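Read the structure below first, then the notes.
Along the sequence shown, residues carry numbers from 1. These figures come from a predicted structure and were not determined experimentally.
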Amino acid sequence: MNININQLRTEYLLNPTGLDCMQPRLGWTLDAARRGASLSAYRVLVCTNEELLEQEIGDAWDSGKVDSENTQHIVYEGKPLISGQQYVWKVMVWDESGIPSAWSDTASWSMGLLSRSEWQGKWIGLKSHHAPTHAEPKPAVYLRGSVQVERRIRRASLYTTALGAYELYINGQRIGDKQLVPDWTDYNIRVPFQMYDVTAELTSGDNVIGVLLGHGWYSGYIGMFGYHRYGTDPRILTQLNIEYEDGSRQSCFTDPSWKASFGPLLATDYQMGETYDARLEMAGWNAAGFDDTSWTAANVFYEYKGYIVSDSCPPVRSMMELKPISITRKENGVWLADMGQNMVGRIRISLHGEAGTSVTLRHGEALDEAQDLYTANLRLTRQTDIFILSGKEEETFEPYFALHGFRYVEISGYKGEITPSDITGVVYYSALDKTGELETSNPLLNRLLDNIEWTQRSNFVSVPTDCPQRDERLGWSGDAQVYFRTSSYFMNVAPFFNKWLTDLADAQRPTGAFTDFAPFIPGAKTEHGGDMTYDHTASAGWGDAGIIVPWMMYRVYGDSAIIERHYESMAKWIDYLDNIHPGHLREDLPQFGDWLSIPEASGLGDFSNVSGFSTTPYDVFATSYYAYSVGLMAKMAALIGKKDDSLRYEQLHTAIKESFNKAYVDASGSIKGDTQAAYTMALAMNLLPEEKREFAINRILELLDQRDWHISTGIHGTRWLLGVLVESGHEDIAYRLLTQTGYPSWFYSVLQGATTIWERWDGWTHEKGFQRPGMNSFNHYALGSVGESIYRFVGGIDLDEDVPGFKHIRIHPRIGGGLEYVNCRYTSVQGLIACNWKQQDKQLVIDVRIPAGTTATVRIPARLGQLVEESGGGIDSSIGLKVVDRNADALFVNIGSGDYHFVIHE
């Protein structure tokens, strides 16, 4: 058969632990060396131990032979799952000829504690009466508890959650590599727990569980709102369940017997930084034999009133390490290290010096005109770590619970020499699988792609944040939805956005309004004086993320369950809009609009509802999104069988489009505001009647020409612009914009040395220097949404309009931009897709790989009369290929899975 089964996943995750869903979904990919390999049936076995699995006895579930072509979202339909139980599973398939495969390798998942009654412990910590400031956050808490192991262990599982952030130890050894756990959620509603297999870490007799407890998002400085927005002191709940080989069981958990202390981590905050005094270190504090008589009894806190839920997203982890490309000593004795890359993480530094020496590390994204560290754009965030030496021969420091956004590190207070070998930049982000790679013959385009990916790494930290350095770091929904498609090319973001959509649903107001960021902090005033409850609820393009992201999850991953899960909250949003906009026009203020667009002067009128941040009128912008969201809602309602709802939404969608055209589009096709974004969004969202679409396209071209072929769109128009141009036959203009080097353009920032995407087109310019520091991040992914168009049209790998989840694939590279070659690979939910093309010797060569179990339509850019060969033979005689269409510019063929080699001769 030669078909291999790979990438076994449970709820998108590799061998997850601590699940709480009673019918987890399973998935796998297929690989075959031959063409046209597909699936006709599968059989899944789920067992409670590997011996039964080996014997093919599915004591939990044997699906039997199921006739199906599906490899994803296979719902477990076996016996009720048991709390704390580990399950192992495997799958076999039958190909299109009915020939069976071998069994796959083994995968697993573990169930968490499924009932609140199973959590036996108390929430404990240690209260601090210190009032935190920017310079002096609260201290971390050290906790320890004893465990007596009585017999030989078969299995030991440690369940832990916290309001705060923690690191776990058993007998002095760190447990796991997760950072900043648990993830940020609205702790008023839910908090995730984690599960660890600690069988190997326990020994017979005395054992000690140690906890280092920080503040995280719970009691630390959060967003722009200051400290203590959820609570004042962190606390932890942990429970060790031991199963002995004789069948007996034992549970140990946090309770009043645990001891607590403050220690060398004098101050810790996610945004502000940390202060660590090595002179106060307590050797062995997290192991047996430590004298804890000076410690106090842990404080016991009230029971948590929210939900304790499974940790459904890959955790933040250390993902890579960088060494500085240079380190220099300034005249004032301060050292300045350049990491060569704007990044998010921490500095690990090795030092030696006299006891009491205080070494300060400050972090920033850029240097000012004097080549000193630039920190004005950090606003109130300090990003400062202080290490106080103990006097040992060599000491290595790295913060525990702080993350910084930086390229440059200033080191002061140290009298010794510092070399690059003493400094390591440790990069942290949510550990999502890498899925995309795209390389071209253009170094600037390659650097742009690197910048986009680095920006995603920097901002995908538990939630999709806007920026990772200043006092904000919020899960802005408008940025997230415009960037979603790009993010899905670079990483498997399904579990990440699955978690975040729950955050967004938790944040939804009783009116049905979605908030502009999630997790949301209701009623909070910022330290800058803003009212985030009123100003940042239900904004067009931001609130609409509650509709758009579930739709895109379905489109990219074929996941209709997420639509069912969030249907009620989506319906409330549409009902909310319908209720407050009976005339079908969104004219409410305030709005963000096409945020951070470039001012345009069209001469077609001056409107009061525009600003320097959005030159597209707010009503045009907002009504466009209103229509778009309702149209998507009609499709999703039909998809899950809600026909009456679908009809109602379709009627509303039609009414909004009619109102849009009546209010904002004149007889010639001119749209109020006359901006690149206004026309782009109207076309992309299909708001215009057919007879006015050509005018809109031509008007975009005229507006671009007036700006000497420079873009002016903000974060929303930018997402759509290149796609609109390509799909209307103007791929040459799309390439011209993509490769433009003058301001404003993507390459402009690259040529200024950018290593991540800027928040603003003019974050720094030769004429003006830095933009105003209050809002000028150099690590902001929204304008990087162009990555979607690069993968779709330069790389040539795209979704089919009608078939979700890359089950049917569109391959349509656009040749141009002066590129000599492009190599594009994308690991979709169905498996690896590849499209590589090159121009050589008056030939265009396109190599395509399609994963087993899928099909594709390939657009071959061959004019009428051009010779096209596939694998050395004629196109019409190629095995596994069928010509389905032809026009003056291209040939279209349908193919099955496998490798194809197309050559187009001049």
Are the side chains of [Y] and [X] in contact, using a 4.5 Å heavy-atom criterion?
X: Phe770; Y: Asn776; answer: yes
X: Leu444; Y: Leu448; answer: no
X: Leu367; Y: Leu336; answer: yes
X: Met775; Y: Arg470; answer: yes
X: Gln456; Y: Met491; answer: yes
X: Val181; Y: Val316; answer: no

Handout entry: Heavy atoms from other residues, nucleotides or ligands near CZ of Arg825 exceed 12 (cutoff 6.0 Å)
Key =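 No, the 6.0 Å shell around CZ holds no more than 12 heavy atoms from other groups.
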
Practice task
Return yes when atom CD of Glu321 has more than 12 non-hydrogen atoms of other residues, nucleotides or ligands closer than 6.0 Å, and no otherwise.
Solution key: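 Counting other residues, nucleotides and ligands, CD of Glu321 exceeds 12 neighbours.
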
Problem - Lys NZ or Arg CZ of Arg719 over Tyr483 ring: under 6.0 Å, within 45° - result: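 No, Arg719 does not sit over the ring of Tyr483.
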
Exercise for the section: Determine, for Trp454 and Arg457, whether the Lys NZ or Arg CZ falls below 6.0 Å from the six-membered ring centre while staying within 45 degrees of the axis. Expected result: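 Here Arg457 passes the 6.0 Å and 45° test against Trp454.
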
If we ignore hydrogens and angles and just use 3.5 Å, is the side chain of [X] paired with the main-chain N or O of [Y] as donor and acceptor?
X: Trp595; Y: Asp479; answer: no
X: Asp762; Y: Trp764; answer: no
X: Arg346; Y: Ala402; answer: yes
X: His780; Y: Phe778; answer: no
X: Tyr489; Y: Ile790; answer: no
X: Thr486; Y: Ser785; answer: yes
X: Thr675; Y: Thr616; answer: no
X: Thr765; Y: Lys768; answer: yes
X: Asp269; Y: Gly273; answer: no
X: Asp466; Y: Leu474; answer: yes

Mind checking whether [X] and [Y] have ring centres under 6.0 Å apart?
X: Tyr270; Y: Tyr221; value: no
X: Trp217; Y: His215; value: no
X: Trp542; Y: His536; value: no
X: Tyr374; Y: Tyr408; value: no
X: His716; Y: Phe621; value: yes
X: Trp761; Y: Trp746; value: yes

Check ion pair [X]-[Y] (N to O, under 4.0 angstrom):
X: Lys178; Y: Glu167; value: no
X: Glu410; Y: Lys330; value: no
X: Arg485; Y: Asp798; value: yes
X: Asp338; Y: Arg407; value: yes
X: Glu727; Y: Arg792; value: yes

If you look at every heavy atom in [X] and [Y], which pair is closest and at what distance?
X: Tyr428; Y: Glu398; result: OH-OE2, 2.5 Å
X: Thr381; Y: Gln469; result: CG2-O, 3.5 Å
X: Ala677; Y: Asp594; result: CB-OD2, 3.2 Å
X: Asn342; Y: Ser458; result: O-OG, 4.4 Å
X: Ser745; Y: Gln740; result: OG-O, 2.9 Å
X: Ile347; Y: His363; result: CG1-NE2, 4.0 Å

Problem - Residues that Tyr743 engages under ring pair (Phe, Tyr, Trp, His ring centres under 6.0 Å), provided they are two or more places apart - result: Tyr748

Exercise for the section: Evaluate the ring planes of Phe460 and Phe497, with Trp represented by its six-membered ring, and classify them as parallel (under 30°), tilted (30 to 60°) or perpendicular (over 60°). Expected result: perpendicular

Practice task
Can you label the angle between the Tyr557 ring and the Tyr12 ring as parallel, tilted or perpendicular, going by 30° and 60°?
Solution key: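 Aromatic pair Tyr557/Tyr12 classed perpendicular.
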
Can you confirm whether the side chains of [X] and [Y] place a donor and an acceptor under 3.5 Å from each other?
X: Gln271; Y: His404; result: no
X: His134; Y: Asp471; result: no
X: Ser350; Y: Thr396; result: yes

Practice task
Report the C-alpha separation of Leu351 and Asp422 in whole Å, then their side-chain angles, then the decisive distance to 0.1 Å, and conclude whether the side-chain contact (heavy atoms from CB on, under 4.5 Å) test is met.
Solution key: CA-CA 7 Å; Leu351 304 165; Asp422 297 321; over 6 Å; no

Exercise for the section: Let me see the working for Leu432 and Asn492 under side-chain contact (heavy atoms from CB on, under 4.5 Å), right down to the final yes or no. Expected result: CA-CA 6 Å; Leu432 306 174; Asn492 175 15; 5.5 Å; no

Problem - Chi angles and distances behind the side-chain contact (heavy atoms from CB on, under 4.5 Å) call for Asp186, Asp503 - result: CA-CA 7 Å; Asp186 184 342; Asp503 296 333; over 6 Å; no

Handout entry: side-chain hydrogen bond (donor to acceptor under 3.5 Å, both in side chains) partner of Asn377, the single match among Glu365, Gln771, Glu759, Arg772
Key =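 Looking at Glu365, Gln771, Glu759, Arg772, the match for Asn377 under the side-chain hydrogen bond (donor to acceptor under 3.5 Å, both in side chains) is Glu365.
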
Problem - CA sep, side-chain torsions, deciding dist, call: Phe793, Tyr735, ring pair (Phe, Tyr, Trp, His ring centres under 6.0 Å) - result: CA-CA 10 Å; Phe793 301 118; Tyr735 265 118; 9.6 Å; no

Quiz: residues 544-551 side-chain donor-acceptor pairs under 3.5 angstrom, not counting sequence neighbours:
| residue | atom | partner | partner atom | Å |
| --- | --- | --- | --- | --- |
| Asp544 | OD1 | Trp573 | NE1 | 3.3 |
| Asp544 | OD1 | Ser629 | OG | 2.7 |
| Asp544 | OD2 | Gly541 | N | 2.8 |

Exercise for the section: Report the C-alpha separation of Val427 and Val344 in whole Å, then their side-chain angles, then the decisive distance to 0.1 Å, and conclude whether the side-chain contact (heavy atoms from CB on, under 4.5 Å) test is met. Expected result: CA-CA 6 Å; Val427 179; Val344 165; 6.0 Å; no

